[in-house]
Amino acid sequence: MLNEKEILDWADESRSGLFDWWYQMADRELAFHPDDPPSTIVYVESGEPVFTVAACRKLEGIYDRMMQQHGELIYEAGFQAVWERLGRGQSVG
């Protein structure tokens, strides 16, 4: 399981920092829909949780701050990051 130290901090709370955080998470294969509770994210092979309880709390806190500061843009940033990671599109961030 990944602990809170393995979750990127979101220090740059600007629009570009929002997109950058998502791109970095996607590059680490840790991006998932922000409406999904982190505690429900499991490894496909084993069904084991991906994140520790502390990592879940950290992610939930980051998503809450992102939503408060950027609203619906959190979804666009996540979508763009995953789409790019899959080699499907261009960045608009």
Side-chain angles (χ1 to χ4, degrees):
M1 287 196 293
L2 299 173
N3 65 47
E4 71 276 8
K5 292 177 183 167
E6 296 172 281
I7 304 302
L8 296 171
D9 291 330
W10 185 47
D12 179 358
E13 297 182 5
S14 68
R15 183 182 195 278
S16 64
L18 173 71
F19 278 81
D20 185 54
W21 186 88
W22 278 100
Y23 284 117
Q24 289 183 54
M25 289 292 283
D27 282 345
R28 295 176 183 201
E29 300 180 350
L30 296 176
F32 58 92
H33 198 283
D35 288 346
D36 292 335
S39 61
T40 66
I41 308 303
V42 298
Y43 291 105
V44 174
E45 302 84 21
S46 66
E48 295 294 319
V50 172
F51 305 108
T52 64
V53 171
C56 290
R57 279 194 301 264
K58 182 174 182 177
L59 284 163
E60 289 164 354
I62 290 170
Y63 289 165
D64 286 346
R65 287 181 17 240
M66 286 178 172
M67 188 59 82
Q68 288 174 3
Q69 293 181 38
H70 297 284
E72 300 287 315
L73 192 59
I74 187 176
Y75 301 111
E76 180 66 23
F79 173 78
Q80 284 294 322
V82 171
W83 200 242
E84 287 247 337
R85 178 75 166 97
L86 294 173
R88 305 277 190 203
Q90 288 185 297
S91 170
V92 294

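- Closest approach of W10 to G17, counting heavy atoms only: NE1-O, 3.5 Å.
- The minimum heavy-atom distance linking V82 with A26 is given by the pair N-CB, 4.3 Å.
- Atom CD of Q80 sits about 11.5 Å away from atom CG of L18, to the nearest 0.5 Å.
- By the salt bridge (Lys or Arg N to Asp or Glu O under 4.0 Å) test, E13 is found to be paired with R65, residues two or more places apart in sequence or in another chain being considered.
- Going from atom OH of Y23 over to atom CD of E84 covers 4.5 Å, rounded to the nearest 0.5 Å.
- Under the rule for a side-chain hydrogen bond (donor to acceptor under 3.5 Å, both in side chains), E60 has no partner lying at least two apart in sequence or in another chain.
- The CH2 atom of W22 lies 13.0 Å from the CG atom of D27; values are rounded to the nearest 0.5 Å.
- Of all heavy-atom pairs between F32 and F51, the closest is CE2-CE1, 3.6 Å.
- Separation of atoms CG (L73) and CE (M67) is listed at 10.0 Å; rounding is to 0.5 Å.
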Donor-acceptor pairs under 3.5 angstrom involving side-chain atoms of residues 35-50: please list them, not counting sequence neighbours.
unit_1	atom_1	unit_2	atom_2	d
D35	OD1	Y75	OH	2.7
D35	OD2	Y75	OH	3.3
T40	OG1	P37	O	2.6
S46	OG	E48	N	3.2

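- Take D12 and apply the side chain to side chain contact (heavy atoms under 4.5 Å, CB included) test, not counting sequence neighbours, and it matches S14, S16.
- Applying the salt bridge (Lys or Arg N to Asp or Glu O under 4.0 Å) criterion to D9, with sequence neighbours excluded, gives K58.
- Closest approach of I62 to I7, counting heavy atoms only: CD1-CG2, 4.3 Å.
- Side-chain atoms of Q68 and D64 form no donor-acceptor pair, as typed in the model, at a separation below 3.5 Å.
- Taking both residues in full, the closest heavy atoms of A77 and F19 are given as CA-CE2, 3.5 Å, listed atom of the first, atom of the second, then distance.
- With a 4.5 Å cut-off on side-chain heavy atoms, L2 and R28 do not count as touching.
- A donor-acceptor pair is defined here as one N or O able to donate and one able to accept, closer than 3.5 Å; such a pair exists between the side chain of W21 and the backbone of L8.
- With sequence neighbours excluded, the residues satisfying side chain to side chain contact (heavy atoms under 4.5 Å, CB included) with N3 are K5, E6, T52.
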